[in-house]
**Student:** 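Here you go, one structure.
Index from 1, following the sequence.
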Amino acid sequence: MSDTANASAIGRLRHMPLIIILFVALVGGFLLRDYLTFDTLAANREALVAYRDAHFAAMAAIFVCVYVTIVAFSLPGAALTSMTGGFLFGLVAGTALNVVSATIGAVLIFLAARAGLGAALSARLDASEGTVKRLKDGLRENEIPVLFLLRLVPAVPFFAANLIPALVGVKLRNYVLTTALGIIPGAIVFTWIGVGLGEVFDRGETPDLSLLREPFVIGPILGLCLLAALPIVLKALRSRKGA
């Protein structure tokens, strides 16, 4: 009886990290949505730039901690934070900090989800048969290309690309690799926009995010999507020929 109670308690504890993340995401989304804005950044730009100039390393560390928290708890403002990275640190350093921060945050939420719901769901998938088993086997065989697609396809929300892999039991090393590399194109674009925010604020304007829909931006990203999908297509074609 005590063993059953202990197992049940351990099971509940496994879900606690994900429950905390979901709770903070809901509360934070409600409380912070009016603060994580371009207006807030514009109002505090001088203080931020002054602190960066006086304490560059400390500002970089604070920025990473804030960005990791936003991603790990699925809080609003990830895109704005990426642009802030470009505004404060420039294209090269800003992109590097954005990629590192987003990857760390994504890994944290992946681990939390995998320890809870992911462990139970993955076990059910492993024990499944029929269509579910074929889908599971197909995912395992094409794990890296599928993970790259989740990161590269613009229509897939970032939080969904963080949670879905954990729920279907992908390997941590593949998740980390595809996250770190797969978010680079988007990180460059958002950081690039952020580099020009100072001039936008000087003109009293709002940043023009229509750049994200320009062919010279979306074209290369879609090209990378096709490249990531190519191994899946080739395997499918070989399977049909061998059948």
**Student:** Who are the side-chain contact (heavy atoms from CB on, under 4.5 Å) partners of Ala50, not counting sequence neighbours?
**Tutor:**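 side-chain contact (heavy atoms from CB on, under 4.5 Å) list for Ala50, sorted by chain: empty.
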**Student:** With sequence neighbours left out, what residues match Ala96 under side-chain contact (heavy atoms from CB on, under 4.5 Å)?
**Tutor:**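 So Ala96 forms no side-chain contact (heavy atoms from CB on, under 4.5 Å) with any residue.
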**Student:** Run the side-chain donor-acceptor check on residues 61-80: report pairs under 3.5 Å with partners two or more places apart or on a different chain.
**Tutor:**
{"residue": "Tyr67", "atom": "OH", "partner": "Ser82", "partner atom": "OG", "Å": "2.4"}
{"residue": "Thr69", "atom": "OG1", "partner": "Cys65", "partner atom": "O", "Å": "2.8"}

**Student:** Taking Thr95 for its side chain and Leu91 for its backbone only, find out whether a donor-acceptor pair lies under 3.5 Å.
**Tutor:**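 A pair under 3.5 Å: yes.
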**Student:** Return the minimal non-hydrogen interatomic distance between Met83 and Phe190, and the atom names on each side.
**Tutor:**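 Met83 and Phe190 have their closest heavy atoms at CG-O, 3.2 Å.
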**Student:** Could you go through Leu111 and Val107, starting from their C-alpha distance and side-chain angles, then the distance that decides it, and tell me whether this counts as side chain to side chain contact (heavy atoms under 4.5 Å, CB included)?
**Tutor:** CA-CA 6 Å; Leu111 293 174; Val107 169; 4.0 Å; yes
**Student:** Starting from Val92, can I reach Trp192 by hopping between I/L/V/M/F/W/Y residues whose side chains sit under 4.5 Å apart?
**Tutor:**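 Different hydrophobic clusters.
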**Student:** Out of the candidates Thr84, Leu41, Asp202, Leu88, only one should pair with Leu197 under the side-chain contact (heavy atoms from CB on, under 4.5 Å) rule; please name it.
**Tutor:**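 So the option named by the test is Leu41.
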**Student:** Please set out all donor-acceptor pairs under 3.5 angstrom arising from side-chain atoms of residues 159-185, sequence neighbours excluded.
**Tutor:**
{"residue": "Asn162", "atom": "OD1", "partner": "Arg151", "partner atom": "NH1", "Å": "3.0"}
{"residue": "Asn162", "atom": "OD1", "partner": "Arg151", "partner atom": "NH2", "Å": "2.8"}
{"residue": "Asn162", "atom": "OD1", "partner": "Tyr175", "partner atom": "OH", "Å": "3.3"}
{"residue": "Asn162", "atom": "ND2", "partner": "Phe158", "partner atom": "O", "Å": "3.3"}
{"residue": "Asn174", "atom": "ND2", "partner": "Glu143", "partner atom": "OE2", "Å": "2.7"}
{"residue": "Tyr175", "atom": "OH", "partner": "Ala106", "partner atom": "O", "Å": "3.0"}
{"residue": "Tyr175", "atom": "OH", "partner": "Arg151", "partner atom": "NH2", "Å": "3.1"}
{"residue": "Thr178", "atom": "OG1", "partner": "Asn174", "partner atom": "O", "Å": "2.8"}
{"residue": "Thr178", "atom": "OG1", "partner": "Tyr175", "partner atom": "O", "Å": "3.2"}
{"residue": "Thr179", "atom": "OG1", "partner": "Arg151", "partner atom": "NE", "Å": "3.3"}
{"residue": "Thr179", "atom": "OG1", "partner": "Arg151", "partner atom": "NH2", "Å": "3.0"}
{"residue": "Thr179", "atom": "OG1", "partner": "Tyr175", "partner atom": "O", "Å": "2.7"}

**Student:** Going by the ring-ring contact (aromatic ring centres under 6.0 Å, His included) test, which pairs reach into residues 90-109, not counting sequence neighbours?
**Tutor:**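 Listed once each, the pairs would be none.
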**Student:** Which value, rounded to the nearest 0.5 Å, describes the distance between Ile188 atom CD1 and Asn98 atom CG?
**Tutor:**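 With rounding to 0.5 Å, CD1 (Ile188) is 10.5 Å from CG (Asn98).
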**Student:** For Arg52, what residues pass the salt bridge (charged side-chain N to carboxylate O under 4.0 Å, His left out) criterion, not counting sequence neighbours?
**Tutor:**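 None.
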**Student:** Roughly how far, to the nearest 0.5 Å, is the CZ atom of Phe89 from the CG atom of Leu97?
**Tutor:**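 The CG atom of Leu97 sits 5.5 Å away from the CZ atom of Phe89.
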**Student:** Under the salt bridge (charged side-chain N to carboxylate O under 4.0 Å, His left out) rule, collect the residues that match up with Asp53, sequence neighbours excluded.
**Tutor:**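 In terms of salt bridge (charged side-chain N to carboxylate O under 4.0 Å, His left out), with neighbours along the sequence ignored, Asp53 is linked to no residue.
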**Student:** Over all heavy atoms of both residues, which pair between Ala187 and Val99 is shortest? Give the atoms and the distance, please.
**Tutor:**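 Result for this residue pair: CB-CG2, 3.7 Å.
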**Student:** Pair up each side-chain donor or acceptor in residues 22-31 with any protein partner under 3.5 Å, not counting sequence neighbours, and list the distances.
**Tutor:**
none

